[in-house]
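Everything on this sheet refers to the single structure shown next.
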Amino acid sequence: MRIQIINGPNLNLLGTREPEIYGKKGFEEYLNVLRNAFPNIRIDYYQSNVEGELINKIHEVGFEADGIVLNAGAYTHYSLALMDAIKCVSTPVVEVHISNVHQREEFRHHSVISPACKGVICGFGLNSYRLAIEALLHMK
Ligand code: DQA
């Protein structure tokens with residue numbers, strides 16, 4: 001089984017970016033935790049700050065991977081191009097957010113990508129990614 005994690009803009013700065021909201025752990029460090037938690041699953045990781053590169057990655061893996069865990073960052077709230085990209089591929093996509101976006105500013109309450117995703121997990125810190133993988137495993 002192969003899962004692709006895709007992180008969008010500013011998530012390369014996890015650990016230093018607004019630690020009171022996103023925590024103090026960098027994603028690479030958390031990736032080790034995740035890979036240890038799912039030793040039988042291949043977990044690939046990609047991060048980009050560029051919308052088109054995220055779309056290219058979804059196209060690249062979206063017919064081969066068994067699941068995509070996508071944190072689109074702020075693109076979540078306005079990228080119709082990302083929403084279309086998710087609709088273009090056959091691999092199920094789970095939308096994740098580290099923070100509980102519904103407890104935050106109004107503009108974060110709406111996701112344009114949710115309708116194209118299998119489901120949404122938000123508000124559990126980095127654990128949101130683990131829960132998303134669990135959800136994909138149980139779809140099998
Ligand atoms: C985020 C929430 C978004 O609103 C924000 O723009 C991010 C991170 C989260 O993981 O909580 O970059 O997706």
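Taking the six-membered ring where tryptophan is involved, the planes of His77 and His97 are essentially parallel, since the angle between them stays under 30° and well short of 60°.
When all heavy atoms of Val94 and Ala132 are compared, the pair lying nearest together is CG1-CB, 3.7 Å. Between Ala72 and Pro9 the shortest heavy-atom distance is O-CD, 3.5 Å. Between Val89 and Gly62, the shortest heavy-atom distance links the atoms CB-O, 3.3 Å. Smallest separation of non-hydrogen atoms from His109 and Glu105: CD2-O, 3.2 Å. Annotation for Gln47 and Leu11: closest pair NE2-N, 4.1 Å, computed over non-hydrogen atoms.
More than 12 heavy atoms of other residues, nucleotides or ligands lie within 6.0 Å of CD in Glu20, so this atom counts as buried by the packing criterion.
Between the CG atom in Leu54 and the CD1 atom in Ile86 there is a gap of 10.0 Å [rounded to 0.5 Å]. Between Met1 atom CE and Asn40 atom CG the span is 11.5 Å, to the nearest 0.5 Å. How far CD1 of Ile133 is from CD1 of Ile41: 6.5 Å, rounded to the nearest 0.5 Å. In this structure, the separation between SG on Cys122 and CD1 on Ile98 is 11.0 Å, given to the nearest 0.5 Å. Atom CG of Leu34 sits about 10.5 Å away from atom CD1 of Ile3, to the nearest 0.5 Å. Here the straight-line distance linking atom CD of Gln4 with atom CD1 of Ile43 works out to 10.5 Å at 0.5 Å rounding.
Pairs of residues two or more places apart, or lying in two chains, that qualify as ring pair (Phe, Tyr, Trp, His ring centres under 6.0 Å) and include a residue from residues 35-66 are Phe27-Tyr45.
Linking ILVMFWY side-chain heavy atoms closer than 4.5 Å, directly or via other members, places Ile5 and Phe124 in a single hydrophobic cluster. Each of Val96 and Leu13 belongs to its own hydrophobic cluster when Ile, Leu, Val, Met, Phe, Trp and Tyr are linked at side-chain heavy-atom distances under 4.5 angstrom. A continuous path of Ile, Leu, Val, Met, Phe, Trp and Tyr side chains, each step under 4.5 Å between heavy atoms, connects Tyr75 with Ile68, placing both in one hydrophobic cluster. Residues Val120 and Val112 fall into different hydrophobic clusters, defined by Ile, Leu, Val, Met, Phe, Trp and Tyr side chains chained together at heavy-atom separations under 4.5 Å. A continuous path of Ile, Leu, Val, Met, Phe, Trp and Tyr side chains, each step under 4.5 Å between heavy atoms, connects Tyr22 with Val69, placing both in one hydrophobic cluster.
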Assess the residue pair Val61 and Arg2 against the criterion (side chain to side chain contact (heavy atoms under 4.5 Å, CB included)); give the C-alpha distance rounded to whole Å, side-chain angles, the decisive distance to 0.1 Å, and a yes or no.
CA-CA 10 Å; Val61 303; Arg2 175 180 164 197; 3.5 Å; yes
What do the steps show when you test Ile58 against Leu82 for side chain to side chain contact (heavy atoms under 4.5 Å, CB included), and what is the final call?
CA-CA 9 Å; Ile58 291 169; Leu82 260 183; 3.6 Å; yes
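Side-chain atoms of Asn49 come within 3.5 Å of backbone atoms of Asn10 as a donor-acceptor pair (strictly under, hydrogens ignored). Although no hydrogens or angles enter the test, the distance criterion places no donor-acceptor pair under 3.5 Å between the side chain of Ser99 and the main chain of Ile21.
Between Leu14 and Leu126 the shortest side-chain heavy-atom distance falls below 4.5 Å. Looking at Asn71 and Tyr129, their side chains come closer than 4.5 Å, going by heavy atoms from C-beta outward. Using a 4.5 Å heavy-atom cutoff, the side chains of Glu53 and Glu51 are not in contact.
Inspection of the Asn32 and Arg35 side chains reveals no N or O donor paired with an N or O acceptor under 3.5 Å. For Thr76 and Glu95, the side-chain atoms include no donor-acceptor pair closer than 3.5 Å.
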